[in-house]
Amino acid sequence: MTRPVPALPERPTIDGLEPKWAGRWDAMGVYDFDRSRPRAEVFAIDTPPPTVSGSLHVGHVFSYTHTDAVARYQRMRGRTVFYPMGWDDNGLPTERRVQNHYGVRCDPSLPYDPDFEPPERPGDRQIPVSRRTFIELCERLAREDEAAFEALWRRLGLSVDWSMTYQTIDADARATAQRAFLRNLARGEAYLSEAPTLWDVTFRTAVAQAELEDRERPAAYHRLLFERADGTDLEIATTRPELLPACVALVAHPDDERHRPLFGTTARTPVFGVEVPVLAHRTADPEKGSGIAMVCTFGDTTDVMWWRELQLPTRAVIGWDGRFVADPPAGLDTEPARAAYAELAGATAHTARERMVAMLREQGRTAGDPQPIVHAVKFYEKGDKPLEIVTTRQWYLRNGGRDPELRAALLKRGRELQWHPEYMRARYESWVEGLNGDWLISRQRFFGVPFPVWYRLDERGETVTDAPITADESALPVDPSTDVPPGYSEAQRGVPGGFTGDPDVMDTWATSSLTPQIAGRWERDDDLFARVFPMDLRPQAHDIIRTWLFSTIVRSHLEHEVLPWRHAALSGWILDPDRKKMSKSKGNVVTPMALLEEFGSDAVRYWAASARPGTDTAFDPGQMKIGRRLAIKILNASRFALSAGAAPGNVTAALDQALLAELATTVDAATAALDDFDYARALEVTERFFWHFCDDYLELVKARAYGEHGDEAAASARAGLGTALSVLLRLFAPFLPFVTEEVWSWWQEGSVHRAPWPKAADLRGQAGAADPDVLTSATDVITVVRRAKSEAKLSMRAEVRRAVIAAPRAVLDRLALAEADIRSAGRIQDIDVREQDGEAVEVAVTF
RNA sequence: GGGCGCGUAGCUCAGCGGGAGAGCACUCGGCUUACACCCGAGCGGUCGCAGGUUCGAACCCUGCCGCGCCCACCA
């Protein structure tokens, strides 16, 4: 039977494959999720929704490629892959982008203007717009960005099912976040609390522990002179003298001999003359500063701890805007104290510090000059001013931060999860162990998911916070600033005896911690949710273990009492050539689309897939060139093999059987690596085999495949070529989806991405009992012949008159099986063999 | 301060108990029944340092040095 000759292109090229195949895959539904399949046949991926605040960068291309390789592998293994894309468009990044892009700012006090149109170009001054207008602009810009993101992902060849795309701000996501919150509230896991809160004065919002970062900042110890009860001076070192009016106590270590006599007595603050107690606390450090600290409400989190544990009064001085409040705190009762405070009122912390120090100096209440130091200060990771601590009412979600049982349960979840690479688990553990409070989930911002609650107003119009009115689950999503709570009418909004909506929105992580529930349509499609949840894989970058990964586990643990996924695959970062993390803010970043256009998507994917899981990797166009070369080689080698008649069939020659035996080993290695999410290893072993196939096997058999040694011998060679090519294309398909699909289409039916993953056992069956080392020995001989030609500065095509091979009997036997191929490949006229002892194989060549 | 990871050829990295490897770069040669976006050959390393375990260590143990990251109550 003759097979149809494949339609081979004259000069194949990898250029233009991306749009061609992206379009066909979409039309053919190659990556559609089949929701009729049972859970055991589903591979569900909790795709990271990229932040929509500008553009994707090389790091995204890098890590999403890793996930895509795994998705494609699982699909070829016969699973139906649940692989949605999401856009993380809620939250501060979008707000900031909208402010800059349109030149506007949100003023919630303004009424909605339906005809508002932003200017073509942002002006010098930001235009105030209503909350609703602001949100509309956020949505508009997000949609534009999302379209550009999708185009990039399609060009990169991500095998996502685009029918399942979600946005973290869309109605379904809002409803899901609100539903989960209401359930948390009903179970007592979410609660409202008025407490000192880390506060960003620029964005005027509370910030959670997970969003903090330390930055080294220059500061100085100022030594202030307090007055002991007996009238003598007491030196107190502080880096924040401006907080003196907020001082509520002095604290030293209980064993500190210097200060022990003072415990139980009081001291007076300089300038303000306020009497404060001297107290002992085990966490006071005798080595630090003067060994005795002033406790202010609040300078840092240590102050908060002492304030809480020692039950101290509150004398807050810093307001929401970071400036000193107008009225002096309680305790500043004397006229001089009030006058001194008036100097600080309205000032920023920086200005207040200068004025406070000046006043202290004038009154002779400092000891010596300030001593400069450098110390770590807490910042909001997206902010550029140090955080203050402000007492506010906020929503919290229990996360084990103040509950040892829950913390232990969450640590246990971390041990249940399979981490790739394994050592990333340590980051989770140290984070959970270091939690110092519950998760603050409310933000005083606009573009986010509102809390689905309202509060009663009493007869005087004061908000009653202890019994929030909750939305009905069936009404979700709600916006309490426009929707009305059950049993009320809009006329009652904001009036005494009526209601008011909760003004805050949820932390972006409070939404994205629910990506499995959002994508799996929890409570909206029970059948789907049961088929995909808990999911198989959470791929993500290692820097958001403490935020996204941890918070997702918290939500799943609280709501479903189960781990949200079985595996977590952590990807590294892309580093600049100078080894710094590559990020947009640093500029000079190559845009991904330009890379895809220059090298081709397969080439860029090759670079990404070459990096070890979890490892930070240098941006390396050199690797992309190699990937491009590999893709072109696949094209050319395939065309050549097919033009020589490559087609699956029975292999009868020992050399061909040996090839398939070697290939079986490669299939085993690649399969084991991908089962372990080690895409890089799978690619490496496949690539190594492929070059061996091209350089050695193809060279050895091409004459035979062309029929120079007879029809039967040719048939075996063509079967060896065809079988190996089919397997190799499938092994490469997860990494180089475009070129493999192109070649597949020349001679096979359907998509290679729906073809079954190769089975080593099948190859071993075809290889039979032949000596698997025949190919190795033949390769050794032609390598020596090539070297001889190189050294003689001859063309590879030069004729060899005679080759004398001296080798052990076993090797000679193997070579005999492939002698005709060796002669053709080396252009050798006569081969003489001589048996010798030992392992060595020697070849003497005469031209 | 605690933890994790990494230091192997000029560069990027693999190898993690028994012959020091790959690709790039470099040198030399070659238009070979596909591929000059190519092919062949070659040069190149006290495997961070110092001890220890072992018949044997790049690989295991200890200490140190350097780099990166994570965490930490930062007066």
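When reading the values below, keep in mind they use all heavy atoms of this one structure, side chains included, and skip hydrogens, waters and symmetry mates. Residue numbers start from 1 in every chain, and the chains themselves are labelled A, B, ... in the order their sequence lines are given, proteins ahead of strands.
Residue A:Arg787 has a polar side-chain atom (N or O) positioned under 4.0 Å from OP1 or OP2 of B:rG42. Within the 4.0 Å cut-off from OP1 or OP2 of B:rA75, not a single side-chain nitrogen or oxygen of A:His222 is found. Listed pair A:Arg11 / B:rC35 fails the phosphate criterion, with no side-chain N or O lying under 4.0 Å from OP1 or OP2. Taking only side-chain nitrogens and oxygens, A:Lys633 comes nearer than 4.0 Å to OP1 or OP2 of B:rC39.
In this structure, A:Asp620 places its CG atom 8 Å from C1' of B:rC24, rounding to the nearest Å. Between A:Arg612 atom CZ and B:rC16 atom C1' the separation is 13 Å, expressed in whole Å. What separates CZ of A:Phe62 from P of B:rU12 is a distance of 15 Å, to the nearest Å. When the C1' atom of B:rA36 is taken as reference, atom CZ of A:Arg629 falls 12 Å away, rounded to whole Å. Taking atom CD of residue A:Gln623 and atom P of nucleotide B:rA25, one finds them 11 Å apart after rounding to whole Å. Separating the CG atom of A:Leu635 from the P atom of B:rC38 is a distance of 13 Å, rounded to the nearest angstrom. Rounding to whole angstrom units, CG of residue A:Leu794 and P of B:rG40 are separated by 17 Å. Rounded to a whole Å, the NE2 atom of A:His692 is 13 Å from the P atom of B:rG40.
With both ends at atom C1', the span from B:rG21 to B:rC16 equals 13 Å, rounded to whole Å. As rounded to the nearest Å, B:rC35 and B:rG40 have C1' atoms that lie 14 Å from one another. If you take atom P in B:rU8 and the same atom in B:rC60, they sit 16 Å apart, rounded to whole Å. Atom P of B:rC71 sits at a distance of 40 Å from the matching atom of B:rA57, rounded to the whole Å.
The distance from the CG atom of A:Leu435 to the CZ atom of A:Arg402 is 11.0 Å, given to the nearest 0.5 Å. Interatomic distance, A:Ile634 CD1 to A:Leu729 CG, rounded to the nearest 0.5 Å: 7.0 Å.
For the side-chain contact (heavy atoms from CB on, under 4.5 Å) criterion with A:Leu198, the lone passing option out of A:Asp300, A:Val304, A:Ile389 is A:Ile389.
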Under the ring-ring contact (aromatic ring centres under 6.0 Å, His included) criterion, do A:Trp607 and A:Phe62 qualify, and how do the steps go?
-> CA-CA 8 Å; A:Trp607 158 73; A:Phe62 180 69; 5.5 Å; yes
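Under the 6.0 Å cut-off for aromatic ring centres, A:Trp199 and A:Tyr380 do not qualify, their centroids lying 6.0 Å or more apart. For A:Phe735 and A:Tyr606, the ring centers sit 6.0 Å or farther from each other.
In this structure, A:Gly434 reaches the sugar-phosphate backbone alone: every heavy-atom distance under 4.0 Å involves primed, P, OP1 or OP2 atoms, never a base. If you check every strand for non-hydrogen atoms under 4.0 Å, A:Arg546 touches sugar and phosphate atoms only. Contacts of A:Ala284 with the nucleic acid, taken as non-hydrogen atoms under 4.0 Å apart, include base atoms. If you check every strand for non-hydrogen atoms under 4.0 Å, A:Trp607 touches nothing. Within the 4.0 angstrom heavy-atom criterion, no nucleotide atom of any strand lies near A:Arg240. Nucleic acid contact for A:Glu699: base, since at least one base atom lies under 4.0 Å from a heavy atom of the residue. Using a 4.0 Å heavy-atom cutoff across all strands shown, A:Met796 reaches at least one base atom of the nucleic acid. A:Ala237 comes within 4.0 angstrom of the backbone, heavy atoms only, and of no base. Nucleic acid contact for A:Asp695: sugar-phosphate only, since backbone atoms but no base atoms lie under 4.0 Å from a heavy atom of the residue. Note on A:Thr783: only backbone sugar-phosphate atoms sit closer than 4.0 angstrom, heavy atoms only; bases stay farther off. Base contact: A:Ser790 has a heavy atom under 4.0 Å from a base atom. Here A:Ile632 lies in heavy-atom contact (under 4.0 Å) with a base. Residue A:Glu309 is out of contact with every strand shown, counting any heavy-atom pair closer than 4.0 Å.
In this entry B:rC6 has B:rG66 as its Watson-Crick or G-U wobble partner, both defining distances falling under 3.5 Å. Partner assigned to B:rC38 is B:rG30, using Watson-Crick or G-U wobble distances below 3.5 angstrom. Judged by Watson-Crick or G-U wobble contacts below 3.5 Å, the nucleotide B:rA22 has B:rU12 as its partner. Nucleotide B:rA58: unpaired (no Watson-Crick or G-U wobble partner with both distances less than 3.5 Å). As the counterpart of B:rC47, no nucleotide is assigned, since no Watson-Crick or G-U wobble pattern has both distances under 3.5 Å. Within the shown strands, nothing qualifies as a pairing partner of B:rG17 under the Watson-Crick or G-U definition with both distances less than 3.5 Å. B:rG1 is paired with B:rC71 under the Watson-Crick or G-U wobble criterion, all donor-acceptor distances under 3.5 Å.
Residue A:Thr301 places its side chain closer to B:rC73 than to any other of B:rC73, B:rC69, B:rC35. Relative to the side chain of A:Arg628, the nucleotides B:rC37, B:rA41, B:rA75 differ in distance, and B:rC37 lies closest. Relative to the side chain of A:Arg427, the nucleotides B:rC70, B:rC39, B:rC28 differ in distance, and B:rC70 lies closest. Set against B:rG23, B:rA75, B:rC69, the side chain of A:Trp573 has B:rC69 as its closest nucleotide. Ranking B:rU33, B:rA14, B:rA41 by closeness to the A:Arg797 side chain, first place goes to B:rU33. Of the candidate nucleotides B:rC24, B:rG29, B:rU12, B:rU12 has the atom nearest to the side chain of A:Ala618. Candidate nucleotides B:rC4, B:rC73, B:rA14 were compared by shortest atom distance to the side chain of A:Arg681, and B:rA14 ranks first. Checking B:rA75, B:rA34, B:rU33 against the side-chain heavy atoms of A:Leu698 singles out B:rA34 as nearest. Counting only heavy atoms from C-beta on, A:Ala426 has its side chain closest to B:rC4 among B:rC4, B:rA34, B:rU33. Taking the side chain of A:Tyr423 as heavy atoms from C-beta on, and the options B:rG5, B:rA34, B:rC24, the nearest nucleotide is B:rG5.
If you check distances only, the side chain of A:Glu687 never reaches the base of B:rA22 with a donor-acceptor pair under 3.5 Å.
Residue A:His375 places its NE2 atom among more than 12 non-hydrogen atoms of other residues, nucleotides or ligands, all under 6.0 Å distant. Within a 6.0 Å radius of CD in A:Glu422, more than 12 heavy atoms belonging to other residues, nucleotides or ligands are found.
Ranked by how close their nearest RNA chain B nucleotide is to the 5' end, A:Arg827 and A:Leu435 are led by A:Arg827. RNA chain B is contacted by both A:Ser638 and A:Ser795; A:Ser795 maps to the nucleotide lying nearer its 5′ end (nearest heavy atom per residue).
A salt bridge links A:Arg282 with A:Glu309: at least one charged nitrogen is closer than 4.0 Å to a carboxylate oxygen.
The cationic atom of A:Arg801 (NZ for Lys, CZ for Arg) does not lie both less than 6.0 Å from the six-membered ring centre of A:Phe847 and within 45° of the ring axis.
Put simply, A:Trp431 does not rest on the base of B:rC70: the two rings are not both less than 5.5 Å apart at their centres and under 30° in tilt.
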